[in-house]
Amino acid sequence: MDIQKVKTILLMGNPNVGKSVVFSRLTGANVIASNYPGSTIEFTKGLMRIEGSKKELIDVPGTYSLEPTNTAEEVAVKMLDEGDLIINVIDSTNLERNLYLTLELLQRNTPVVVALNMWDEAKHNGITINPDELEKILGVPVVPIVALTGEGIKTLLSRLKETHTPTDVSQSDAEKWIHIGEIIKKVQTIEHRHHTIWEKISDATVKPTTGLPIGLAVILLTFSFIRFIGEGLIGYVLEPLFDMYTPVVMEISRAIGPGILHDIIIGRLIDGNIDYVESMGLLTTGFFVPFGMVLPYILAFYFGLSILEDTGYLPRLSVLADTIFHKFGLHGCGIVSVFLSLGCNVPGALSTRILETRKQRFISATLLAISIPCMAQIAMIFGILGSYGMEYVLMVFIALIATYVLSGLLLNRYIAGESPELFLDIPPYRRPYGKALLKKTWMRVRIFLTEAIPFVFLGVLFINILYAVGIIDTLGTFFSPVISGIWGLPKEAAAALLIGFLRKDMAIGMLLPLGMNPFQLVIAATVLTIYFPCVATFAVLVRELGIQDLFKSVLLMIAAALIVGGVMRLILLGF
Amino acid sequence: MIRLELTLTNLQPKQKARILRLEGGFGFQKNVRSRGILEGKIVEVIARQPVGGPIVISMDKRNTAIGRGMASRIIVAVE
Ligand SMILES: Nc1nc2c(ncn2[C@@H]2O[C@H](COP(=O)(O)OP(=O)(O)OP(=O)(O)O)[C@@H](O)[C@H]2O)c(=O)[nH]1
């Protein structure tokens with residue numbers, strides 16, 4: 001075919017076959033690849049060059065067939081019409097079931113080239129495939145590649161032009177499977193290998209008797225690791241850095257002199273000194289909260305998450321958690337959304353797309369918006385409540401877990417719709433690569449830096465303006481029946497609740513100057529998590545749930561905040 | 001030879017069996033087959049999660065977790 005006429009190339013294949021890695025190779029762009037099915041939930045576009053001309057390359061979410069079973073797969077099927085050429089990425093260690101999609105693709109009238117990826121792993125597992133024979137049978141170019149190292153990528157590119165629009169063969173499903181059986185017999189031989197140590201570990205991590213204790217240990221270890229690294233970075237790197245920064249800011253403060261400009265840039269001095277949490281200036285709090293308090297935890301969290309993702313542990317956790325998540329109308333994959341949300345609710349909300357039904361997506365998204373604090377918020381909870389004692393931090397988490405569980409049980413009961421069962425491929429364990437881990441961590445941290453920090457600055461600006469025009473007082477008085485009456489908090493907490501729409505981490509910081517006792521702080525931190533998602537998450541929820549369902553979801557959030565906050569007040573503060 | 005027909009849910013860990021039939025609608029059959037769960041294949045049960053949780057099976061050295069409801073519609077015979 002004439003490659004010059006091709007404008008758009010699609011990367012298609014089953015989930016977890018390495019499409020995202022191929023995409024990075026071909027475009028030089030970085031996208032997130034993970035060792036679990038369904039890590040790409042939305043298509044990613046990039047540019048690549050073939051023989052001097054630019055083409056658009058689209059990384060399509062993985063799909064097992066052209067009949068979608070969830071939203072991510074629907075996206076894949078819709079993309080089909082947009083491509084002039086399809087690179088069908090196949091997992092060579094799993095040829096048989098991958099060929100089904102290949103045959104389906106060959107029935108469409110878009111030219112296809114087949115890339116036999118994971119060629120290294122196939123060799124390692126004693127699987128031999130004859131690519132020439134496969135090419136003869138399928139009638140399109142077949143190229144073995146190792147996306148991770150780049151082996152075969154050049155050949156793949158140079159052979160794109162050899163393909164052509166497939167001649168129309170219509171095959172029924174049954175015929176396809178018979179055809180696949182014949183193909184496998186002709187092109188593939190498998191040498192018998194004994195169980196490797198990794199396969200034994202794999203079995204041990206999904207068997208309930210060994211898997212559950214291992215799972216708990218892994219979760220505890222991950223969170224201890226995050227805390228250890230987070231606290232270490234703060235104590236040994238960031239505090240010394242900010243100590244050096246303080247004299248500079250004081251100098252600027254003197255230069256500006258008192259006035260509204262000073263309030264915005266430096267904020268209020270407390271006893272003549274800068275207080276990085278309470279001053280509320282752009283250069284003080286606006287700088288310190290994201291960099292000095294939150295960033296270290298974000299770094300540690302995403303590094304930890306990347307390890308869990310790349311080894312392939314998450315799908316095993318999904319299997320173990322399935323029984324519990326089923327009670328909430330979800331299935332085990334829900335735990336992946338929980339993990340992602342603990343980093344940031346935005347990717348968490350997006351990841352609900354791997355769930356099959358509207359009921360599941362609604363419950364999953366609502367639960368995470370209600371009761372999962374993001375890492376930025378968690379870092380602030382540790383920073384502020386931690387100084388009173390870890391038991392207070394623990395109270396917040398116990399309250400949130402209880403809220404998740406109870407809301408889940410209720411929603412499952414009262415939301416109409418189906419909750420299909422777990423049906424999940426468990427990939428083999430893979431060794432994570434240091435470079436890939438660091439790159440992935442950095443990509444996510446960069447998202448935090450570029451998308452969160454502007455909101456923090458905006459928040460600081462906003463607070464200063466609101467205080468200046470005196471709106472906070474009016475608002476506080478208006479909402480005091482709820483804030484003070486139900487939750488037992490000072491009415492000035494209205495300011496934090498307002499800023500919580502923008503950034504929850506800032507909002508937690510704003511609780512500090514209100515002179516609350518630790519129990520009140522526990523209630524306020526919990527309510528701040530529950531009452532409403534931040535704007536960024538809200539925007540994603542509008543898209544994912546639609547206005548009508550989102551409205552329901554928001555009512556549930558407000559109800560949960562009122563009830564949970566009220567109950568906590570009764571328990572912690574009495575009447 | 002008399003073969004005892006069982007469903008996937010009847011198998012205990014380490015037991016191997018051959019898949020005979022898939023009992024269910026068109027969508028179910030297509031969905032299950034597209035994961036390589038086909039008539040004639042040998043499956044081994046790796047683990048059964050407690051209280052009605054999913055079953056983990058191994059086929060062609062690949063593991064798949066499948067809910068009990070679906071598993072109960074996959075008819076097998078122990079070899
Ligand atoms: N050994 C080996 N591993 C690979 C190769 N290509 C990709 N991988 C690994 O396979 C896993 C899956 O890769 P992804 O690129 O996320 O797969 P995907 O097809 O985009 O997956 P979905 O987003 O779920 O559709 C990752 O852990 C990769 O590091 C390869 O050629 N050899």
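Sequence lines set the chain letters: A, B, ... in the order given, protein chains first and strands last, and positions in each chain run from 1.
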Hey, does [Y] have a side-chain heavy atom less than 4.5 Å from the side chain of [X]?
X: A/Leu424; Y: B/Thr64; value: no
X: A/His326; Y: B/Gln49; value: no
X: B/Leu38; Y: A/Ile180; value: no
X: B/Arg62; Y: A/Pro428; value: yes
X: B/Val56; Y: A/Ile426; value: yes

*Rounded to the nearest 0.5 Å, what's the gap from CG on B/Asn63 to CZ on A/Arg316? Could you check?*
7.0 Å
_Value rounded to 0.5 Å, distance of CD1 in A/Ile127 from CG in B/Asp60_ = 8.5 Å
_chain A interface, residue from B/Ala65, B/Gly40, B/Gly52, B/Gly67 that has the most non-hydrogen pairs under 4.5 Å_ = B/Ala65
Let me know if [X] has heavy atoms under 4.5 Å from chain B in its side chain, its backbone, both or neither.
X: A/Thr209; value: neither
X: A/Leu320; value: both
X: A/Asp203; value: both

Would you mind checking which part of [X] comes under 4.5 Å of any heavy atom in chain A, side chain (CB onward), backbone (N, CA, C, O), both or neither?
X: B/Asn31; answer: both
X: B/Ile66; answer: both
X: B/Val51; answer: both

Flag yes if more than 12 heavy atoms outside [X] fall under 6.0 Å of its [atom1] atom; otherwise flag no.
X: A/Leu66; atom1: CG; result: yes
X: A/Lys123; atom1: NZ; result: no
X: A/Arg358; atom1: CZ; result: no

_Testing the basics here: between A/Leu422 and B/Pro54, what is the closest heavy-atom pair and its distance to 0.1 Å?_
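The answer is CD2-CG, 4.0 Å.
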*Heavy-atom pair with the smallest gap, counting every atom of A/Tyr64 and B/Ser34*: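 Closest pair (atom of A/Tyr64, atom of B/Ser34, distance): CB-OG, 3.6 Å.
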*asked:* Tell me whether B/Arg33 forms a cation-pi arrangement with A/Tyr100, defined as NZ or CZ under 6.0 Å from the six-membered ring centre and within 45 degrees of its axis.
replied: no
*Donor-acceptor under 3.5 Å (B/Arg35 side chain, A/Phe423 main chain)*: yes
*asked:* For the backbone of B/Gly69 and the side chain of A/Glu421, can you confirm whether one donor and one acceptor N or O come within less than 3.5 Å of each other?
replied: yes
*Find the one option among A/Asn94, A/Asn98, A/Leu212, A/Asn125 whose heavy-atom pairs under 4.5 Å with chain B are most numerous.*
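Of A/Asn94, A/Asn98, A/Leu212, A/Asn125, A/Asn94 has the most heavy-atom pairs under 4.5 Å with chain B.
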